[in-house]
Amino acid sequence: MNDTYLDAVSTDVGKKVAKKLGLPQPVRLRRTDTASPDAPLVTGPVLVLQDAWSRASADAVAERLLGWDLDVRRDPHLAEHQRWGAVIVVLTELEAPGQLGGPALDLGEMLRRLAPSGRVITLSRAATGGDAPAQAAARQAVDGFLRSVAKELRAGATGNGLVLAEGLPVEATSVIGALRFLLSARSAFVSGQLLRVSTPGGQAPADWTRPLAGQVAVVTGAARGIGAETARVLARDGAQVIGVDVPGAGDSLSTVMNGVRGSALQLDITAEDAGARILEHARSRYGTLDVVVHNAGILRDKLLVNMTADRWNDLLAVNLLAPLRMNETFAAPGALGPAPRILALASTSGIAGNRGQTNYAAAKAGIIGMVQALAPRLAELGGTANAVAPGFIETDMTARIPPVARQIARRANSLNQGGHPVDVAEALAFLASPQAGGINGQTLRVCGQNLVGQ
Amino acid sequence: MTPTPAPRRAAVIGANRIPFAKAGGAYAAASNQDMLTAALEGLVARFGLAGERLDEVAAGAVLKHPRDFNLTREVVLGSSLDPHTPAYDVQRACATGLEAIVGVANKIALHQAEVGIGGGVDSASDAPIVVSDRLRAALLRASRARSAAERVKAFAGVRPRDLAPVAPGVAEPRTGLSMGEHQALTTARWGITREDQDALALASHQRLAAAYDRGFFDDLLTPYRRLDRDQALRADTSLDKLASLTPVFGKDGSSPTMTAGNSTPLSDGASAVLLASSEWAQGRGLPVLATVVDAQSAAVDFTRGDEGLLMGGCYAVARLLDRQGLTLDDFDVVEIHEAFASTVLATMAAWADPAFCRERLGLPGALGEIDRDRLNVTGSSLAAGHPFAATGGRIVGTLAKLLAERRAETGRPARGLISICAAGGQAGAMILEAA
């Protein structure tokens, strides 16, 4: 789990050597302080830029940010000793590609003054078939622009975009909610992503640092790794958490769940009645169930030429068929609380493919299809279904990858390092939160802008 | 002053144990405190009790290091429970766990507690080793010494042979006989055959294995130190294999019958049972598995009288049934702790014997017989192992769940009986009911 290269280049000498040799220069990312989340939300002043047509929207965004006591600037002048905590570029009213140059070049002038783990965030609109060709071109141009900016950033800074549905105001709860997530340390390992906000749904939480207060959440595969961390982050954000894992992992499960004052349910999720038993446990103990995180998963890597039916079937049963079957229970009307959230773990392997992982990638791509199809059903119930696709994350699972392959996998992203389980957990917690109610059917990558896939 | 409320029945909410290991096996490096903490933490997690203040935690160990004088409280302090949870230690030999549960259940019955945990732990691997009396006296003298010279002088009387450690005795102090040798006398007295003992042992293994296979223990057990099933369990054992073992106890007699296969192995393990008032359970949305109806302890005079050391259960059960106006036929499930296969068989033979029941139990005739289909239906100590003080919690948890299952299947109340024999001629009995 230790990234010794990252440790080495974090020293003064290591930093110089890496620079001289042109080696990757990863830095320690700013992550949420569990004792005081979101303090500070960003590390410096926040600059809001816009194209000439989006000024009103940019004003609205700036006003919202002021509500969080941020140092919001509309003027790019910055005192010598200061660094931008974030630069937000509002491009929602772009009508033609020619209008992008101004704000793009303005942003360019700011990049040298971006703080470590700083943020670049674009707000734009989804290009659709109904747009005039020039408008669609302008809107889609933001996509390529942002992804390239993110690759140019250094020192743990990330670039991400919010893509708003036509007509959705920038003040919509989920736009502001997502903006906050992307500004904060919670999104440390999310970069190069364009997250779609499709509806005005969602609610601002009473306390932004505990958005899940009063919610009951279940996490499968909670005994270790990403699942354990997800239980911790959901609990930190105020949720009452139920951890599920196979009986054989009961000892680590009980340690994790006692640590978050939750409860442990030893259960094989491939059992016919797994969904019903989880729902029953949640309802009898806590009265309701609001959030489901399908995290449990296994690996059965083999090249397809050597694949056995057992390896294929076991993996599909746990990683895809079990969530599908359990959702028959969870997505039924009245099963979950008034704003249900179904979340599942996809993978960059399911997006870009990965040699030796035909079964895993099929299952993880299946998860992406699953949440897309669940989204309209959950919307009818006042909720959402989304997936998070981790890239290379430092876990016990990836620690078993041979050292050289592991080093390559770690550096093959814009942040030149592996993510931590908490990074995935933060993304799941955000999508579970009430302020993300307008984000539905999406797959958010947490991969440090992995070089492969979208 | 508020009037004293009427007694109520304590409810068994759930239980947890770690798999039992063979002595010197998977838990060889674990202490009693480690194991009891693991069992308690699993229970806390199952019922979401982290950070909660319970009214009482009672537990104990039969083989206990002097440093563990406050074992249960230390375990609570090292657990996720609120450190304001009080705790006390109990010891009644192999009935320690049951006694701890009775104590907590009684406090709940008398409204002195709303929720508590009873349990026990034992390690045959990490047994306390004691120094000789002469060396101990010298060490104490030395600790009181005021000068180096006095300290040296304190050891003057110590001889080399005094330096050898004294292993904990498993023999009865008053007779010098081991528990197995005592039971061999009882086995012969009741004419319990080798075949019967081996058949009972086989059933124990087969039933315990089947219970594991159907997931019965998924919510009664938390894995520990890479063990997720009892180490003594031999799912593939057979009558032939059991018949091939050489007798280890009663070898002075004409035809010894007790082997390692039909006697419990020395074991390490821990268990804990969550008890509460029905109101507490309801408030938490926790279903009640069963309620504690009544309990009874008894002891026999095995030193001067002619009763068998492990026959106390006969007496405890007889008194319990008499008080409750019940017969053996009134129980859906009966759990008789399998210290030895012949203990169970001799106990049942005695209950079926009119002369014994008249003369010893003061009954008008035989107490009755127990259909084997109702006896130790998910196996018992022969297959699971028997970490002395942990057995009570194992049996109470298992029986409570069996009764809840039975009630769910039949829609009728189910009643269960427990009998646990213990060293010193003692025994404990308990009635549980799923109403």
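The structure displayed is predicted, hence computed values, not measured ones. We use all heavy atoms of the structure for the numbers below, so side chains are in, but hydrogens, waters and symmetry mates are not. Residue numbers start from 1 in every chain, and the chains themselves are labelled A, B, ... in the order their sequence lines are given, proteins ahead of strands.
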Enquirer: Any salt bridge between E52(B) and R261(A), counting N to O under 4.0 Å?
Expert: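 Here E52(B) does not pair with R261(A) in a salt bridge, since their nearest N and O are not under 4.0 Å apart.
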
Enquirer: Is the closest basic N to carboxylate O distance between E426(A) and R31(A) below 4.0 Å?
Expert: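 No, this pair does not count.
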
Enquirer: Please determine whether a side-chain nitrogen of the Lys or Arg among K302(A) and D310(A) lies less than 4.0 Å from a carboxylate oxygen of the Asp or Glu.
Expert: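 So K302(A) does not pair with D310(A) through a salt bridge.
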
Enquirer: Counting heavy-atom pairs under 4.5 Å to chain A, which of A38(B), G42(B), G215(B), S80(B) comes out on top?
Expert: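 Heavy-atom pairs under 4.5 Å are most numerous for S80(B).
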
Enquirer: Give a yes or no on whether a salt bridge exists between R214(B) and E405(B), defined as a side-chain N under 4.0 angstrom from a carboxylate O.
Expert: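 Salt bridge flag = yes for E405(B) with R214(B).
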
Enquirer: Report yes or no: do T222(B) and N16(B) form a side-chain donor-acceptor pair below 3.5 Å?
Expert: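 T222(B) vs N16(B): donor-acceptor pair found between side chains.
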
Enquirer: Is the shortest side-chain N to carboxylate O distance from E114(B) to R53(B) below 4.0 Å?
Expert: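 Between R53(B) and E114(B) there is no salt bridge, as every charged N stays at least 4.0 Å from the carboxylate O atoms.
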
Enquirer: Taking side chain as everything from C-beta outward and backbone as N, CA, C, O, which of these in L221(B) sits under 4.5 Å from a heavy atom of chain A? Side chain, backbone, both or neither.
Expert: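 Just the backbone, heavy atoms under 4.5 Å.
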
Enquirer: If you count heavy-atom pairs under 4.5 Å with chain A, which of D228(B), V44(B), D219(B) comes out on top?
Expert: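 The candidate making the most pairs under 4.5 Å is V44(B).
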
Enquirer: If you measure from the Lys or Arg side-chain nitrogens to the Asp or Glu carboxylate oxygens, is any gap between R232(A) and E229(A) under 4.0 Å?
Expert: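 E229(A) and R232(A): salt-bridged.
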
Enquirer: Is F47(B) close to chain A through its backbone or its side chain, or both, or neither, when contacts mean heavy atoms under 4.5 Å?
Expert: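 For F47(B), heavy atoms of backbone and side chain both lie under 4.5 Å from chain A.
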
Enquirer: Would you sort out whether S380(B) and R207(B) count as a side chain to side chain donor-acceptor pair (under 3.5 Å), showing the intermediate values?
Expert: CA-CA 9 Å; S380(B) 187; R207(B) 289 172 173 189; over 6 Å; no

Enquirer: Is it the side chain or the backbone of R46(B) that comes within 4.5 Å of chain A heavy atoms, both, or neither?
Expert: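 Both backbone and side chain.
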
Enquirer: Which of residues 20-37 of chain B get closer than 4.5 angstrom to chain A, counting heavy atoms alone?
Expert: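 Expected list: none.
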
Enquirer: Against chain A, label R229(B) side chain, backbone, both or neither, depending on which of its atoms sit under 4.5 Å from a heavy atom there.
Expert: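 Contact with chain A is absent: no heavy atom of R229(B) under 4.5 Å.
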
Enquirer: Do R325(A) and D273(A) sit within salt-bridge range, that is, some charged N less than 4.0 Å from a carboxylate O?
Expert: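 Result for this pair is no, no salt bridge flagged.
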
Enquirer: Look at V246(A), I242(A), D251(A) and state which one has the largest set of heavy-atom pairs under 4.5 Å with chain B.
Expert: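 Ranked by heavy-atom pairs under 4.5 Å with chain B, first place is D251(A).
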
